[in-house]
Amino acid sequence: VQLVESGGDLVQAGGSLRLSCALSGFTFKNYAIGWFRQAPGKEREAVSCVSTRDGFTKYADSVKDRFTISSDSGKNTFYLQMTDLKPEDTAVYYCAGTIALYGSNWCPWASVSWDYWGLGTPVTVSS
């Protein structure tokens with residue numbers, strides 16, 4: 001199982017970026033994919049997640065209405081579309097996967113709940 005992020009870049013405040021998370025070896029029927037970020041000197045925090053079981057999505061309050069998680073099943077790739085970027089969005093962004101789904105309308109949120117991680121892609125938002 002491998003997750004590979006891409007799309008991180010330097011962008012001005014108010015700009016947009018789309019991050020990609022390419023999955024390989026992920027042959028599970030139902031699973032969740034999450035996006036996390038870690039800013040320098042801060043703990044890793046959850047940004048968004050989606051469950052393939054029922055399409056349920058969840059967003060951190062800080063990114064709600066600005067970020068959108070989506071997928072292209074044909075390419076086995078998940079995306080995080082980020083708009084109206086702010087300097088406080090600067091971080092290394094990671095995607096994560098897990099097959100541990102408990103019920104519908106749910107995806108895990110805590111970092112410890114995720115089994116597979118990518119190496120991250122850096123996003124820098126200048127003011």
Side-chain angles (χ1 to χ4, degrees):
V1 173
Q2 198 172 22
L3 290 77
V4 179
E5 305 94 335
S6 62
D9 206 346
L10 169 64
V11 63
Q12 288 189 330
S16 299
L17 276 178
R18 189 179 77 163
L19 304 183
S20 300
C21 175
L23 312 183
S24 61
F26 233 86
T27 58
F28 315 109
K29 180 180 179 181
N30 294 314
Y31 56 92
I33 294 295
W35 283 98
F36 290 77
R37 66 187 181 186
Q38 187 165 18
K42 294 189 176 181
E43 293 188 355
R44 188 172 298 187
E45 63 174 351
V47 173
S48 180
C49 65
V50 59
S51 169
T52 65
R53 181 172 181 167
D54 52 13
F56 173 80
T57 59
K58 183 176 179 178
Y59 297 91
D61 289 341
S62 59
V63 307
K64 205 170 290 183
D65 299 326
R66 298 190 298 123
F67 290 11
T68 304
I69 192 169
S70 64
S71 66
D72 183 336
S73 59
K75 295 182 179 180
N76 220 22
T77 300
F78 286 76
Y79 304 98
L80 185 68
Q81 179 68 49
M82 307 186 295
T83 63
D84 190 23
L85 282 162
K86 306 175 186 300
E88 51 264 40
D89 294 319
T90 294
V92 177
Y93 283 72
Y94 301 87
C95 67
T98 182
I99 61 172
L101 298 177
Y102 302 104
S104 58
N105 294 323
W106 183 86
C107 54
W109 203 240
S111 297
V112 295
S113 300
W114 298 82
D115 304 308
Y116 309 102
W117 291 86
L119 296 179
T121 185
V123 172
T124 303
V125 184
S126 62
S127 57

**Report entry** Interatomic spacing from CD in Q81 to CG in L17 - rounded to 0.5 Å
**Finding:** 8.5 Å

Using atom types as modelled, flag every donor-acceptor pair under 3.5 Å from a side chain in residues 116-127 to any protein atom, sequence neighbours excluded.
unit_1 : atom_1 : unit_2 : atom_2 : d
T121   : OG1    : G8     : N      : 3.0

Query raised in the report: Same cluster for L80 and F26 if Ile/Leu/Val/Met/Phe/Trp/Tyr side chains link at under 4.5 Å?
Result: yes

Query - Selection residues 24-62 - residue pairs positive for disulfide bond (SG atoms under 2.5 Å apart), sequence neighbours left out - result: C49-C107

Report summary line: Nearest heavy-atom contact between P108 and L101 is CD-CD2, 4.3 Å

Report summary line: In this structure, OG1 of T98 is separated from CG of N30 (nearest 0.5 Å) by 11.5 Å

Query raised in the report: So, T83 side chain and R66 main chain: donor-acceptor pair closer than 3.5 Å or not?
Result: yes

Query raised in the report: Distance-only, no hydrogens or angles: does the S20 side chain make a donor-acceptor pair with backbone N or O of S6 under 3.5 Å?
Result: no

**Report entry** Exam field: side chain D54 to backbone N105, donor-acceptor pair closer than 3.5 Å
**Finding:** yes

**Report entry** Minimum-distance pair of heavy atoms, taken over all atoms of V1 and G25
**Finding:** CG2-O, 3.5 Å

Requested in this report: Test M82 against every option in L19, V11, T68 by the side-chain contact (heavy atoms from CB on, under 4.5 Å) rule and name the one that passes.
Outcome: L19

Query raised in the report: Between atom CD of E5 and atom CZ of F78, what is the distance when rounded to the nearest 0.5 Å?
Result: 13.5 Å

Query raised in the report: Linking I/L/V/M/F/W/Y whenever any side-chain heavy atoms sit under 4.5 Å apart, do Y59 and V50 land together?
Result: yes

Query raised in the report: Counting only heavy atoms not in Q12, do more than 12 fall under 6.0 Å of its CD?
Result: no

Requested in this report: Taking only Lys NZ, Arg NE, NH1 and NH2, and the carboxylate oxygens of Asp or Glu, determine whether K86 and D89 approach each other closer than 4.0 Å.
Outcome: no

Query raised in the report: Given the rule in the ring pair (Phe, Tyr, Trp, His ring centres under 6.0 Å) test, do F67 and W35 qualify, once you have shown the distances and angles that lead to the verdict?
Result: CA-CA 11 Å; F67 290 11; W35 283 98; 9.8 Å; no

Requested in this report: List the atom of Q2, the atom of V4, and the distance in Å for their closest heavy-atom pair.
Outcome: CG-CG2, 4.1 Å

Report summary line: Closest non-hydrogen atoms of S16 and D84, given as atom of the first, atom of the second and distance, are OG-N, 4.3 Å

Report summary line: On a heavy-atom basis, the closest approach of C21 and L3 is SG-CD2, 3.9 Å

**Report entry** Steps toward side-chain contact (heavy atoms from CB on, under 4.5 Å) verdict (S62, R37)
**Finding:** CA-CA 12 Å; S62 59; R37 66 187 181 186; 3.4 Å; yes

Requested in this report: Consider only side-chain heavy atoms of I, L, V, M, F, W and Y, link residues closer than 4.5 Å, and tell whether V47 and L23 are in one cluster.
Outcome: yes

Requested in this report: Give a yes or no on whether the backbone of A32 and the side-chain of T52 come within a donor-acceptor separation of less than 3.5 Å.
Outcome: no

Query raised in the report: Among Y93, W114, Y94, which residue meets the ring-ring contact (aromatic ring centres under 6.0 Å, His included) test with F36?
Result: W114

